[in-house]
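Below is one structure; the comments refer to it alone.
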Protein chains: 2
Amino acid sequence: MSRNADGLSIGDVAKATGLGVHALRFFEREELFLRPIPRTAGGQRVYEPADVEWLLLCNRLRESGMPIATVKRFAQLVRSGPGNEAERLALLEEHERTVRDRLADLTASLEIIHDKVLTYRRHVEDGTAAGLWSPASSSQP
Amino acid sequence: MSRNADGLSIGDVAKATGLGVHALRFFEREELFLRPIPRTAGGQRVYEPADVEWLLLCNRLRESGMPIATVKRFAQLVRSGPGNEAERLALLEEHERTVRDRLADLTASLEIIHDKVLTYRRHVEDGTAAGLWSPASSSQP
DNA sequence: GCTTGACCTAGCTCGTACTCTAGATTTTAG
DNA sequence: CTAAAATCTAGAGTACGAGCTAGGTCAAGC
């Protein structure tokens with residue numbers, strides 16, 4: 001793994017974040033990091049725990065649907081130092097709204113899916129499954 | 001619009017489902033419909049309300065993260081008629097589990113994002129924003 | 001000191017799900 | 001009847017988010 005304490009190799013970071021080494025290099029090309037990642041004399045990346053922390057937050061942002069481009073914008077704001085916190089806040093608030101909307105949509109879809117499941121379950125248990133989703137049937141697929 | 005009652009043009013269906021006409025033709029190529037869509041003498045598609053109902057369910061399935069390939073599998077099951085309801089049920093139950101997991105993940109991410117928002121809000125309100133997300137700072141980006 | 005495994009770059013490829021193009025045909029409205 | 005609007009096909013293009021390949025270089029353990 002790393003040569004000196006707190007110096008992490010790309011493989012270490014991949015393990016710690018669940019990302020692949022390809023993804024980490026891709027993120028670097030896309031400038032998603034908060035700093036240029038330093039290299040060994042031989043050219044290999046040396047990460048620090050703070051980079052891992054940032055990546056874990058990035059994971060949460062991306063898993064919650066934030067596109068890479070927006071993560072990049074956020075990273076740029078952070079990189080350009082103090083003074084733009086209101087902008088960072090606006091970006092996060094906007095994303096929070098998006099996530100809440102998505103949660104509401106997902107919950108609505110879940111209800112419909114669960115209804116379908118209940119319908120099918122009844123039909124399968126009763127052995128009266130015929131007639132599901134023929135047009136004009138009261139119970140759809 | 002349509003020539004006869006209950007005969008819907010592709011444009012009608014696009015409006016009713018929120019899908020584009022391109023998407024509807026794409027879905028047909030991908031065999032996502034429950035039946036072959038009939039055509040006019042001139043070759044234009046004629047849909048029925050039941051097709052719209054099905055598409056609305058498809059929208060819910062897809063919005064909740066079901067890939068086209070799985071929707072297709074479900075459509076195939078429905079098309080092949082009665083007798084495979086247990087399979088349809090299994091597919092829907094599996095998807096329900098997936099959606100519930102996704103909901104839990106999203107909720108967890110939302111909490112983290114909301115914490116960030118609160119942190120930034122405090123800092124911006126206090127004017128004490130400096131120091132956010134410098135490594136070893138207690139408050140991250 | 002040498003093998004073995006991790007890592008390097010650059011760029012191509014992939015899967016998903018549309019979306020659009022182009023040019024021809026059909027339908028509808030006036 | 002005519003002109004405008006909608007639709008048709010086949011196939012190319014787009015966007016995202018990686019993943020993989022080729023052809024090497026570097027480093028750690030024995």
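Every chain is numbered from 1, with letters handed out A, B, ... down the list of sequences. Remember, predicted model here, so these are calculated numbers, not experimental data.
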Is there a donor and acceptor pair, one atom on the side chain of B:His22 and one on the base of C:dC18, closer than 3.5 Å?
no
Between B:Phe26 and A:Glu28, name the one whose nearest nucleotide on DNA chain C is closer to the 5' end.
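On the 5' side of the pair lies A:Glu28.
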Charged N to carboxylate O under 4.0 angstrom, B:Glu93 versus A:Arg121?
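Judged by the 4.0 Å cut-off on N to carboxylate O distance, B:Glu93 and A:Arg121 do form a salt bridge.
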I'd like to know if A:Arg39 and A:Glu28 make a salt bridge, using a cut-off of under 4.0 Å between side-chain N and carboxylate O.
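Looking at A:Arg39 and A:Glu28, the cut-off is met.
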Nearest whole angstrom, please: distance from the [atom2] of [N] to the [atom1] of [X].
| X | N | atom1 | atom2 | answer |
| --- | --- | --- | --- | --- |
| A:Phe27 | D:dC16 | CZ | C1' | 12 Å |
| B:Glu63 | C:dA17 | CD | P | 13 Å |
| A:Ile10 | C:dA6 | CD1 | P | 13 Å |
| B:Leu24 | D:dC8 | CG | P | 10 Å |
| B:Met66 | C:dC18 | CE | P | 14 Å |
| B:Ile37 | D:dT9 | CD1 | P | 12 Å |
| A:Tyr47 | C:dA6 | OH | C1' | 13 Å |
| B:Glu30 | D:dG11 | CD | P | 15 Å |

Of the options [options], whose atoms approach the side-chain atoms of [X] most closely?
| X | options | value |
| --- | --- | --- |
| A:Arg29 | C:dC18, D:dT7, D:dG19 | D:dG19 |
| A:Ala23 | C:dA17, D:dG19, D:dC8 | D:dG19 |
| A:Arg62 | C:dC8, D:dT7, D:dA18 | D:dA18 |
| B:Pro67 | C:dA17, D:dG19, D:dC8 | C:dA17 |
| B:Val21 | C:dA17, C:dT19, D:dT7 | D:dT7 |
| A:Ile68 | D:dG17, C:dT9, C:dA17 | D:dG17 |
| A:Ser9 | C:dT19, D:dC8, C:dC7 | C:dC7 |

Check whether any side-chain nitrogen or oxygen of [X] sits under 4.0 Å from OP1 or OP2 of [N], and answer yes or no.
| X | N | answer |
| --- | --- | --- |
| B:Arg45 | D:dT9 | yes |
| A:Arg39 | D:dC26 | no |
| A:Thr40 | D:dA27 | yes |

Give me the one residue out of B:His22, B:Lys15, B:Arg25 that meets side chain to side chain contact (heavy atoms under 4.5 Å, CB included) with B:Ile10.
B:Arg25
Need one value for A:Arg25: base, sugar-phosphate or nothing, where a base atom within 4.0 Å counts as base even if backbone is also close, heavy atoms only.
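Counting heavy atoms under 4.0 Å across all strands, the contact made by A:Arg25 includes a base.
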On a heavy-atom basis, the closest approach of A:Gly65 and A:His95 is C-CE1, 4.1 Å
Where is the tightest heavy-atom contact between B:Lys72 and B:Glu31, given as atom of each residue plus distance?
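Heavy-atom minimum between the residues: CG-O, 4.1 Å.
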Aromatic rings A:Tyr120 and B:Phe74: how do their planes relate, parallel, tilted or perpendicular, breaks at 30° and 60°?
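Plane angle over 60°, so perpendicular.
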